Amino acid sequence: MTDLVVHLDELAKVPLAQNNVRHLVSDLPSLHVVLVVNGPAVASLATPAWTAFLTALPQVQVEACHHALDSQRLTPAQLPTGVHVVAAGVVRIVELQAQGFLYLKP
């Protein structure tokens, strides 16, 4: 199995990142995907688009940066079920890469 961290930090790239992950999981069913959302893109997590994404792809781990949530004035309670909050998105990405995860930034 291959491990992949997808880094999403731009609001405009949310649809692209979601489509990339959909295609990756479809074509590589054994792929383990962690989608780390930070920066302005974290605001998108409070929209219905993520609820549908999480429902369709429960095997994808979506993580939100706590610092980005604070900067966007969002709380973890505003996120859809299934989104995990991490202390710092960039730290999480570094940790995953140290564990051998490949990196993709749409």
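Please read these numbers as outputs of a predicted model, since none were measured by experiment.
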Check: Honestly curious: do Tyr103 and Val91 fall in one hydrophobic cluster under the side-chain, below-4.5 Å linking rule?
Finding: no
Check: Ignoring hydrogens and geometry, is there a side-chain-to-backbone donor-acceptor pair from Gln18 to Pro15 under 3.5 Å?
Finding: no
Next item on the list: Could you tell me whether the side chain of His67 and the main chain of Ala87 form a donor-acceptor pair under 3.5 Å?
Entry: yes
Note to self: For a side-chain contact (heavy atoms from CB on, under 4.5 Å) check, start with the C-alpha distance between Asn20 and Leu16, then their side-chain angles and the critical distance, and finish with the verdict.
What the structure shows: CA-CA 6 Å; Asn20 283 174; Leu16 176 63; 3.7 Å; yes
Next item on the list: Report yes or no: do Leu11 and Leu79 belong to one cluster of Ile/Leu/Val/Met/Phe/Trp/Tyr joined by side chain heavy-atom distances under 4.5 Å?
Entry: yes
Next item on the list: Hey, could you give me the NE2/CD distance between His7 and Gln97, rounded to the nearest 0.5 Å?
Entry: 10.0 Å
Next item on the list: Find out whether Leu45 and Val62 are in side-chain contact, i.e. whether some heavy atom of one side chain is under 4.5 Å from a heavy atom of the other.
Entry: yes
Next item on the list: Please assess Thr81 against Leu54 for the test side-chain contact (heavy atoms from CB on, under 4.5 Å), listing each intermediate value before the final yes or no.
Entry: CA-CA 8 Å; Thr81 302; Leu54 290 162; over 6 Å; no
Margin query: Has Ser26 got a side-chain atom pairing as donor or acceptor with Arg22's backbone, closer than 3.5 angstrom?
Written below: no
Note to self: So, taking the atom named NZ in Lys105 and the one named CD in Glu10, what distance separates them when rounded to the nearest 0.5 Å?
What the structure shows: 5.0 Å
Check: How far does CG of Leu96 sit from CG of Asp3, to the nearest 0.5 angstrom?
Finding: 8.5 Å
Checklist line | ILVMFWY network linking Val33 to Leu28, side-chain heavy atoms under 4.5 angstrom | finding: yes
Check: How far does CZ of Phe101 sit from CD of Glu95, to the nearest 0.5 angstrom?
Finding: 11.0 Å
Notebook entry, point to check: Hey, does Leu104 have a side-chain heavy atom less than 4.5 Å from the side chain of Val5?
Noted result: no
Next item on the list: List the atom of Pro80, the atom of Trp50, and the distance in Å for their closest heavy-atom pair.
Entry: CG-CB, 4.0 Å
Checklist line | Residue pair Thr2 / Leu31: nearest heavy atoms and the distance that separates them | finding: O-CD1, 3.4 Å
Next item on the list: With rounding to the nearest 0.5 Å, note down the distance linking CD1 in Ile93 to CG in Asn38.
Entry: 5.5 Å
Margin query: Rounded to the nearest 0.5 Å, what separates atom CG in Asp9 from atom SG in Cys65?
Written below: 10.5 Å
Item checked: Glu63 and Gln61: CA distance, side-chain angles, deciding distance, side-chain hydrogen bond (donor to acceptor under 3.5 Å, both in side chains) verdict -> CA-CA 6 Å; Glu63 300 181 344; Gln61 188 173 329; 2.5 Å; yes
Next item on the list: Looking only at non-hydrogen atoms, find the nearest pair between Val34 and His32 and report the distance.
Entry: CG2-NE2, 4.0 Å
Check: Given Leu8 and Leu35, is the side-chain contact (heavy atoms from CB on, under 4.5 Å) satisfied, shown in steps?
Finding: CA-CA 7 Å; Leu8 175 60; Leu35 178 56; 4.2 Å; yes
Notebook entry, point to check: Which pair of heavy atoms, one from Val14 and one from Ala41, lies closest together, and at what distance?
Noted result: CG2-CB, 4.4 Å
Note to self: Can you tell me which residue among Val6, Val42, Leu69 is in a side-chain contact (heavy atoms from CB on, under 4.5 Å) with Val37?
What the structure shows: Val42
Item checked: ILVMFWY cluster, Val83 and Leu74 together (side-chain gap under 4.5 Å) -> yes
